[in-house]
J.: 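Supplied in structure tokens, the structure appears directly below.
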Amino acid sequence: MKGKLLIIGFGPGSFEHITERAREAIQESDMIIGYKTYVELIEGLLTGQEIISTGMTEEVSRAQEAVKQAERGKKVAVISSGDAGVYGMAGLVYEVLIEKGWRKETGVEVEVIPGISAINSCASLLGAPVMHDACTISLSDHLTPWSLIEKRIEAAAQADFVIAFYNPKSGRRTRQIAEAQRILLQYRSPDTPVGLVKSAYRDRQSVVMTNLKEMLEHEIGMLTTVVIGNSSTFFYDDLMITPRGYQRKYTLNQTEQPLKPHQRLRKEAEPWALEQLEEAVPAKSEAAAAEAKAKASRMETAATATKASSREVAEQALQAILGESVGVSENSFIQQPMQSIFELAVSPGVANKKFTPKQMMTLAEVVGEDGNMEYTRDHQIKLQVPTANPDEVIEKLRAAQFLLSPIGDVLTLKACDFCDGEKKDAIPHAEELQERLGGIELPKELKIGFNGCGMACYGAVQEDIGIVYRKGAFDLFLGAKTVGRSAHSGQIVAEGIAPDQIVSVVEEIVQEYKEKGYPNERFYKFFKRAKRVRGFEYQDITPKLKIEEAACGD
Ligand code: SAH
């Protein structure tokens, strides 16, 4: 009877996270070989198997023993924590077998049973830090030269991988994690989120959220996995989260996390998504693409023939794709600042619609050939500026006396130009509102219309919130539906609000909407649902005739 080797990864350490096959395999084996602590962890699953548990450093003898016993006809379970193929016993057992001339067809049967590796179990406790391209690096230089480990850390740091450090530190090995931090800091911000997970899913589990700068101030040991975020990783409510892609657009005051989940989940918000890649490279004809492919496969053959280094292969591959010589020199990888599209809107002022020639020239200069300017129906010009340095853009626009507003679900104030300032009494109130509320984030974009006289000729009553200055006081309109076949004006909810009251009244309304509005809920819908906002009552103005919904293009 031929024996069998069952190489089992039993996951992080709790029974719930052992796979069904791993359980079965443990139970069907005659003998268990593993590190003492691991055998103890799975003790509850044992049904009288013979046990060989040895100390940590005797991995080779464990593998040899396992092979010997299997050759004698035993079913031998070799256990590793996590996954046996990740810094575990699987490779080692194969090495021992190969040394003995083992062949798959004729030798003892081997089954490797996958388990949940620390990168996965630790990630789940931290939130969702892995998500994007990631790598694992073991900091143990026991069997790997430190110079190679250093190179890997550097490469991963440069390429913005999420990194899980295994074996970060032990009693004697304390220097490596500090070195790793030093290398990372050359490429990543000190604020980069870092998660430290010790003994995931075991009794002494601990989870610490920190950052690259401060990570060494916390306990890191043999049972810790250190997860380093990439440049987009962020903390939210004690969770460490890496978005699925890289932010490509951001706006004023929002450089941290510009796209809300519901915006992010749209396809157009992720132009780099794989399925759109083909359209994104329109310059290449199919013939050229086929040629590149043929070239790449020729190269592959050449590479195997001459045993080209992986770097040479990579360079040739790049060349085949780009169709030019890339000449990547040994040290030419420098971290490129990520160029994103900075979006914002500009106008000459709250109650000013007149652009000066100098302002127009500034716009042309700031936006440049590659940017984009769009005239909106809200007396603003929306800018899209490709830049890695938004502060510089902001500075230039401010110097040209522009009023800057963020883009997105924010509050915008539209005031009439008060007949060129003649009826100017209301202007300071409009400016104060802009000052206090302009640009704040809301469940959905919100427009306040502000008109300087009872004519209300700038259409304040057609905005989400309308304010009309008349006879030394303010009339207030709420909940217009600004577009659509069922469009309607706002409802008048108050007349004659005293000038010293108007700002705080509007502020309270906006605050209530901010707090209680559902994500994406327009103000008129919120008013209708809430029935009452800051004490102002909603009147049902739904037309008797049922208006059919019409989508764009209908
Ligand atoms: N085969 C294992 C890794 C063994 S190397 C796996 O796939 O997970 C040992 C290292 O793994 C430890 O130093 C630690 O960094 C990590 N590790 C293993 N189990 C862990 C756990 N339960 N919690 C945190 N880290 C763990």
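Read the numbers this way: they start at 1 and go in the same order the structure lists the ligands and their atoms. Keep in mind that what you see is a predicted model, and the values were worked out from it rather than measured.
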J.: Have a look at ligand 1 and work out which part of C122, if any, has a heavy atom under 4.0 Å from it: side chain, backbone, both or neither.
T.: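 The part of C122 near ligand 1 is the side chain, not the backbone.
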J.: Out of S199, A200, S117, whose heavy atom sits nearest atom 7 (O) of ligand 1?
T.: S117
J.: Heavy-atom contacts with Y87 under 4.0 Å: which atoms of ligand 1 show up? List them by number with element.
T.: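 Atoms satisfying the 4.0 Å criterion: 4 (C), 5 (S).
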J.: Given that the side chain starts at C-beta and the backbone is N, CA, C, O, which of these parts of T224 lies under 4.0 Å from ligand 1, counting heavy atoms, or is it both or neither?
T.: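 It is the backbone that gets close, since no side chain atom is under 4.0 Å.
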J.: Considering the heavy atoms of V197, write down every atom of ligand 1 situated less than 4.0 Å from one of them.
T.: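 Listed by number with element, the hits are 24 (C).
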J.: Tell me the contacting part of V226 for ligand 1: side chain, backbone, both, or neither, using a 4.0 Å heavy-atom threshold, strictly below.
T.: neither
J.: How far is atom 25 (N) of ligand 1 from its nearest protein heavy atom, and which residue and atom is that?
T.: T225 OG1, 2.8 Å
J.: Tell me: protein heavy atom nearest atom 1 (N) of ligand 1, and distance?
T.: V86 O, 2.7 Å
J.: Which protein non-hydrogen atom lies closest to atom 2 (C) of ligand 1, naming both residue and atom, and how far is it?
T.: S81 O, 3.2 Å
J.: Judged on heavy-atom distance to atom 11 (O) of ligand 1, which of Y166, Y38, F165 sits nearest?
T.: Y166
J.: Using the six-membered ring wherever Trp is involved, compare the ring planes of F523 and F526 and label them parallel, tilted or perpendicular (cut-offs 30° and 60°).
T.: tilted
J.: Polar contacts were defined as any N/O atom of the residue lying under 3.5 Å from an N/O atom of the ligand; does this apply to N167 and ligand 1?
T.: yes
J.: Do ligand 1 and M222 have nitrogen or oxygen atoms that lie under 3.5 Å from each other?
T.: yes
J.: I need the nearest protein heavy-atom contact for atom 8 (O) of ligand 1: residue, atom name and distance, please.
T.: A118 N, 2.8 Å
J.: Taking N or O atoms only and a 3.5 Å limit, does P12 qualify as a polar contact for ligand 1?
T.: yes
